[in-house]
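Notes follow once the structure below has been shown.
Counting from 1, the numbers follow the sequence of the chain as shown. In what follows, every heavy atom counts, from backbone to side chain, and hydrogens, waters and symmetry copies are set aside.
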Amino acid sequence: MKNEDYQIFGIRAIIEAINADKTLDKVFIQKGLKGDLIKEMETLVRKNGIGFSYVPIEKLNRLTKGNHQGVVATISPISFHEMEDLVEKVLAKEQKTPLFLLLDQLSDVRNFGAIIRTAECTGVDGIIIQKKGAAPVTADTIKTSAGAAFKVPIAKVDHLKDAVFYLQSSGVRVISATEKTENTIYDVSFDGPCAIVMGAEDVGISPSILKASDDTAKLPLLGEIGSLNVSVACGVFLYEVVRQRIK
C-alpha cells in the first residue's frame with residue numbers, strides 16, 4: 001500500500017471523482033491556477049465540503065510524478081461516518097460507558113495514525129475531526145495505526161465546536177487537554193460518558209473550544225521540556241480513562 005494508490009491528479013479526473021461520489025479527503029490546488037475548468041472544480045469541492053488548500057507547484061511535484069495539471073486529490077481508504085449518527089449509535093449501547101475523542105487542528109498523518117491505534121486499544125467509540133485542516137487518512141495513517149483506522153469509526157464535521165455542543169446536549173461531558181489549567185488528569189473524573197479533546201502540538205486547542213468545554217486537564221510534567229508529543233499525551237489521557245473505569 002502506497003500513498004500514490006490513494007491519489008487522483010488532473011482537473012477533469014477530480015471533477016469526475018467528485019461527481020461519482022468518491023470520498024476525497026483533500027484537494028491540493030496550485031496557487032495562481034486560473035481557468036473555467038479549475039473554477040468548476042473549486043465550486044464542486046466547496047459544494048461537497050471537501051477540504052482543500054492552495055500550495056506551490058513544488059508541493060504537487062512531491063506528491064505525484066504524474067502530469068498533475070496543478071491539482072492533486074487524496075482519496076480516503078476508509079468511509080467516514082455522520083457525527084450525529086455515530087453519537088446516537090454509541091449512546092444506544094447500554095453495556096458500555098461512551099468514550100469519544102475529538103482532534104482539533106491535528107495535521108500530522110503519523111501522529112493521527114498513532115492516536116487511532118491507541119484509541120482502538122483503549123476502547124474509544126468514535127473519533128471526530130474537522131473537515132478542513134485535519135490530517136487526511138492516507139496509507140501512512142493506515143500503516144501507523146496498524147490497521148486500527150478500519151476499526152474505529154471516524155466522523156468529520158464542518159466545525160468541531162458544533163460537535164462539542166451536540167455531545168453536551170446528548171449528555172456527554174467534554175474534557176479538553178491543555179496546559180492552561182490547574183487541574184491534572186488525576187483531578188478529573190472520567191467515569192461517566194465523556195469526550196476528550198486533543199489539540200495540535202504547535203497551536204493547541206482553539207480558545208472557543210476550551211471555553212465551551214465542561215472541564216480541562218493537563219499532564220504533570222516534571223522535566224525541562226514543556227510538552228509531550230500529542231500522540232503520547234493522548235495515550236496517557238486515554239489510559240487514565242481506562243484506569244478509572246476498571247473496577
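Panel note: side chain Glu84, backbone Tyr166; no donor-acceptor pair is recorded below 3.5 Å. Judged purely by atom type and a 3.5 angstrom limit, Thr118 uses its side chain to pair as donor or acceptor with the backbone of Ala114. Side-chain atoms of Thr184 come within 3.5 Å of backbone N or O of Tyr186 as a donor-acceptor pair. Under a 3.5 Å cut-off, the side chain of Gln69 and the backbone N or O of Ile11 do form a donor-acceptor pair. A donor-acceptor distance shorter than 3.5 angstrom exists from the side chain of Asp104 to the backbone of Ser206, with no hydrogens or angles considered. A side-chain donor-acceptor contact under 3.5 Å links His68 to the backbone of Gly70. Under a 3.5 Å cut-off, the side chain of Ser145 and the backbone N or O of Phe112 do not form any donor-acceptor pair. Put simply, the side chain of Lys180 never gets that close to the backbone of Leu210: no donor and acceptor are under 3.5 Å apart. Remark: the backbone N or O of Val174 is paired with a side-chain donor or acceptor of Asp214 at under 3.5 angstrom. Distance alone, capped at 3.5 Å, places no donor-acceptor pair between the Lys26 side chain and the Gly51 backbone.
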Which is it for Glu120 and Phe150 under the side-chain contact (heavy atoms from CB on, under 4.5 Å) test, yes or no, and what are the steps along the way? CA-CA 10 Å; Glu120 199 280 331; Phe150 296 117; over 6 Å; no

Under the criterion side-chain contact (heavy atoms from CB on, under 4.5 Å), I'd like the reasoning laid out for Ile185 against Val236: C-alpha separation, chi angles, the key distance, then a yes or no. CA-CA 9 Å; Ile185 56 172; Val236 179; 3.9 Å; yes

Stepwise side-chain contact (heavy atoms from CB on, under 4.5 Å) check, Ile15 with Glu40: CA-CA 8 Å; Ile15 289 173; Glu40 179 184 345; 3.9 Å; yes

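A donor atom on one side chain and an acceptor atom on the other are found under 3.5 Å apart for Asn229 and Ser231.
No more than 12 heavy atoms of other residues, nucleotides or ligands lie within 6.0 Å of NZ in Lys161, so this atom counts as exposed by the packing criterion. Heavy-atom neighbours of Glu82 CD from other residues, nucleotides or ligands within 6.0 Å: at or below the threshold of 12. For Asp202, the CG atom is densely surrounded, since the number of other residues' heavy atoms within 6.0 Å is greater than 12. Counted within 6.0 Å of CZ on Arg110, heavy atoms from surrounding residues, nucleotides or ligands total 12 or fewer; the atom is thus considered open. The number of heavy-atom neighbours closer than 6.0 Å to NZ of Lys211, taken from other residues, nucleotides and ligands shown, is 12 or below.
Each of Asp25, Thr23, Ile129, Thr74 was compared with Val137 under the side-chain contact (heavy atoms from CB on, under 4.5 Å) criterion, and only Asp25 meets it.
For Met198 against Leu101, the heavy-atom pair with the smallest separation is CG-CD1, 3.9 Å. Residue Ile128 comes nearest to Ala163 through the heavy atom pair CG2-CB, 4.0 Å, listed as atom of the first residue, atom of the second, then distance.
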